[in-house]
Amino acid sequence: MNLDIFAHRGVSINYPENTMAAFQAASKLPIAGIELDVHLTADKEVVVIHDETIDRTSNGSGYVKDFTLQQLRTFDFGSWFSREFGDEVIPTLGEVLELFAGTNHRINIELKTDIIAYEGIEALVLKEVAAQQMTERVIISSFNHESLQTISKIAPYIESAALFAEVLVDFPTYIALIPAKALHVSLPTSFRKSVKLALAEGATVRVYTVNEQRDARSLQQLGVQAIFTDDPEKILRALS
Ligand code: G3P
Ligand code: MG
């Protein structure tokens, strides 16, 4: 059975996560797609970064929500990883979508609204996706399932996915309630009975974050549709 590979935050094993360098590397690989995380700036620009603050992945400090895009652009988002990436700046969602305009990769946009709600981010993300004519290629996921309800109301045709860090007893019934089309579960959760039951019911299951070849092979056996990995080339080798 085919197992789709998504580069988690780009090729984050070799490049600073969620930067154009990490996404450019992914765009050249024969994989299904990429995953990225988004937050909102003070001037309502959708930017690609994992944390609420820029402290861990830049030479600056503070919350994304308190900076304008122009201010954020003054920081170096690469040197924390390696000196050779000192020119990396925070990407906007639009820039990353544009990079993939000429490829067939799917783009999983994770709305990081579980800690800060970022009112209106759902509509802004959908606007960017529509502008790049990528409606068919995106998957919008979140740990904040209220965000997914908003996505479903505005754009019911978008593939949405509920992220889970915990084990539920009945995933399909829960995601139908949101509604969301797929479930994204953590690696430990993926081997539980409830995920097997969901797969048997025909649910689409994707698993984060899978960096070991033996786990990728086990998940392929299990019949999940996709995995998110920091090291897509290593996983490609495992499955070839
Ligand atoms: O979207 C899958 C995965 O990225 C969720 O966790 O913390 O890596 O964003 P995190
Ligand atoms: Mg993520």
Is it true that [Y] and [X] share a donor-acceptor pair across their side chains at a distance under 3.5 Å?
X	Y	value
D230	N211	yes
S142	N144	no
S147	T113	yes

- Query: In terms of ring plane angle, is the pair F164 and Y174 parallel, tilted or perpendicular, where the classes change at 30° and 60°?
  - Reply: perpendicular
**Asked** In terms of the angle between their ring planes, are H105 and F100 parallel, tilted or perpendicular, with boundaries placed at 30° and 60°?
**Response**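 It falls in the perpendicular class, over 60°.
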Check: [Y] and [X] side chains under 4.5 Å, non-hydrogen atoms:
X	Y	answer
V129	I109	yes
F67	I54	yes
I178	S152	no

When you group the ILVMFWY residues by side-chain heavy-atom contacts below 4.5 Å and let the links chain together, are [Y] and [X] in the same group?
X	Y	value
Y208	V38	no
V48	F85	no
F23	L93	yes
I49	L97	no

Taking all non-hydrogen atoms of both residues into account, name the closest pair between [X] and [Y] and its distance.
X	Y	result
L199	Q225	CD2-OE1, 4.0 Å
E233	L29	CG-CD2, 3.7 Å
A203	L183	CB-CD2, 3.9 Å
V195	T189	CG2-O, 3.5 Å
A32	F6	CB-CE1, 4.1 Å
L222	K196	CD1-CE, 3.7 Å

Can a salt bridge be assigned to the pair K153 and E122 using a cut-off of 4.0 Å between side-chain N and carboxylate O? no
Point to revise | Salt-bridge contact R206-E159 (side-chain N to carboxylate O under 4.0 Å) | key: yes
Rounding to 0.5 Å, atoms CZ (R9) and NE2 (H50) come to a distance of 3.5 Å
